[in-house]
Amino acid sequence: MIKFIREKASGQFLINQYEILGVSKDASFKEIKKAFRAKAKKLHPDLSGSDDHEQMRKLLSAYEILSDSQRRIEYDKLFKKDTFCYRDFLNEQKATPEILANVIVYDLMHFEEDEAIRLWHSLGGINFPLKDYFLREDWMDCSYILAEQLNMRGFYYEAFIILSELLKEERYEPYFKHFAEDLESFLKDLVRTKLKKVVDKKTWIQCMDILVDIGFAPNEEARWLKYKAKALKACGECELAEITLNKARQLDPSL
């Protein structure tokens, strides 16, 4: 499955990567590279003063697809304008986990989010290993989109698990590059404003442990430990709560 970030534009369901770069469908690698550099200069904040992360994300995605010969071939085959329907093709295949994973991703990319989430939940949700069926980059892109859609529908815990796994993967080997801050901000906002409303205290404690394990700045890790300590105290684990709070104070004395 090729890697791409979807967009809604002029009612079209598919991204035209060639239009994003401003090149023809028969453009050479040299022309693609030249077009990318020219547009990147206009969008990169260090060069233009612009701060349009979304447009830069689309530009990077288009360049990564079209500058890779194999990905470009796959893209051209999958998204050529004819009567071929990739979803119908998938549904005609034997319903293996790999095929169903592709159906989920296809639906996510074609604005059938409810159907994608329904199928994902029926296959086990966060226990369904999407990671096993795609290249690392494709899995990370699609998982981010899935987390966004889950968050929009109130599935905050599932969104949290996906985002925390993505951020942990990003810490291990950077991929989102310029957008790693967006990923981290998304996760932290979810925790601070929504997650606690939908989980019990024991699950909340487990979530704080996940955050501590990811590796944040000391003051942020102290915040997660403080949240954990409060939950432990509410569960009657007063001694463990005090130990946890002391760890938090060591990281951030202002607590």
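Values below: all heavy atoms of this structure, side chains included; hydrogens, waters and symmetry mates excluded.
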From CA spacing to verdict: side-chain contact (heavy atoms from CB on, under 4.5 Å), Lys58, Gln17:
CA-CA 8 Å; Lys58 293 174 185 176; Gln17 307 290 5; over 6 Å; no

Just so I know, are the side chains of [X] and [Y] near enough to count as touching, which here means a heavy-atom distance under 4.5 Å?
| X | Y | value |
| --- | --- | --- |
| Asp141 | Phe134 | no |
| Cys207 | Val191 | no |
| Glu148 | Arg153 | no |
| Ser67 | Phe29 | yes |
| Ser61 | Ile65 | yes |
| Trp139 | Glu165 | yes |
| Leu232 | Cys235 | no |
| Arg136 | Glu169 | yes |

Is the closest side-chain donor-acceptor distance between [X] and [Y] under 3.5 Å?
| X | Y | value |
| --- | --- | --- |
| Tyr18 | Asp76 | yes |
| Arg37 | Tyr63 | no |
| Thr203 | Asp200 | yes |

Checking salt bridge (charged side-chain N to carboxylate O under 4.0 Å, His left out) for the pair Glu31/Lys34: CA distance, chi angles, key distance, verdict?
CA-CA 5 Å; Glu31 290 172 323; Lys34 182 178 179 180; over 6 Å; no

Show the numbers, then the answer: is there a side-chain contact (heavy atoms from CB on, under 4.5 Å) between Asp114 and Gln149?
CA-CA 9 Å; Asp114 289 328; Gln149 296 303 319; over 6 Å; no

Assess Arg171 against Phe216: is NZ or CZ under 6.0 Å from the centre of the six-membered ring, and within 45 degrees of the ring's axis?
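Yes.
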
For [X] against [Y], the heavy-atom pair lying closest together:
| X | Y | answer |
| --- | --- | --- |
| Arg72 | Leu66 | CD-O, 3.5 Å |
| Asn151 | Ala159 | N-CB, 4.1 Å |
| Ile20 | Lys39 | O-NZ, 2.8 Å |

Hey, what do you get for CG (Leu183) to OG (Ser143), rounding to the nearest 0.5 Å?
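Output value for this atom pair is 10.5 Å.
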
Say you draw a straight line from NZ of Lys168 to CD of Glu173; how long is it, rounded to the nearest 0.5 Å?
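If we round to the nearest 0.5 Å, Lys168:NZ and Glu173:CD are 15.0 Å apart.
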
Can you confirm whether Lys230 is buried at NZ, in the sense that more than 12 heavy atoms of other residues, nucleotides or ligands lie under 6.0 Å from that atom?
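Check fails, neighbour count at 12 or below.
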
Tell me if the aromatic rings of His121 and Phe128 count as close, with their centers under 6.0 Å from one another.
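Not close enough - the centres of the two rings lie 6.0 Å or further apart.
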
Considering only NZ, NE, NH1 and NH2 on the basic side and carboxylate oxygens on the acidic side, decide whether [X] and [Y] come within less than 4.0 Å.
| X | Y | value |
| --- | --- | --- |
| Arg249 | Glu242 | yes |
| Glu237 | Lys233 | no |
| Arg71 | Asp138 | yes |

Is there a continuous path of hydrophobic side-chain contacts, each under 4.5 Å between heavy atoms, that joins Trp224 to Val199?
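They do share one cluster, since a chain of ILVMFWY contacts under 4.5 Å joins Trp224 to Val199.
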
Same cluster or not: Trp120 versus Val198, using hydrophobic residues (I, L, V, M, F, W, Y) connected whenever any side-chain heavy atoms lie under 4.5 Å apart?
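Hydrophobic grouping puts Trp120 with Val198.
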
Intermediate values then yes/no, side-chain contact (heavy atoms from CB on, under 4.5 Å), Leu251 and Glu220:
CA-CA 9 Å; Leu251 290 169; Glu220 291 174 331; over 6 Å; no

Check against side-chain contact (heavy atoms from CB on, under 4.5 Å), Asp252 and Leu225
CA-CA 10 Å; Asp252 186 359; Leu225 288 170; over 6 Å; no

Begin with the C-alpha distance, continue with both residues' side-chain angles, and end with the deciding distance and a verdict on salt bridge (charged side-chain N to carboxylate O under 4.0 Å, His left out) for Glu221 and Lys247.
CA-CA 10 Å; Glu221 185 174 333; Lys247 289 181 180 179; over 6 Å; no

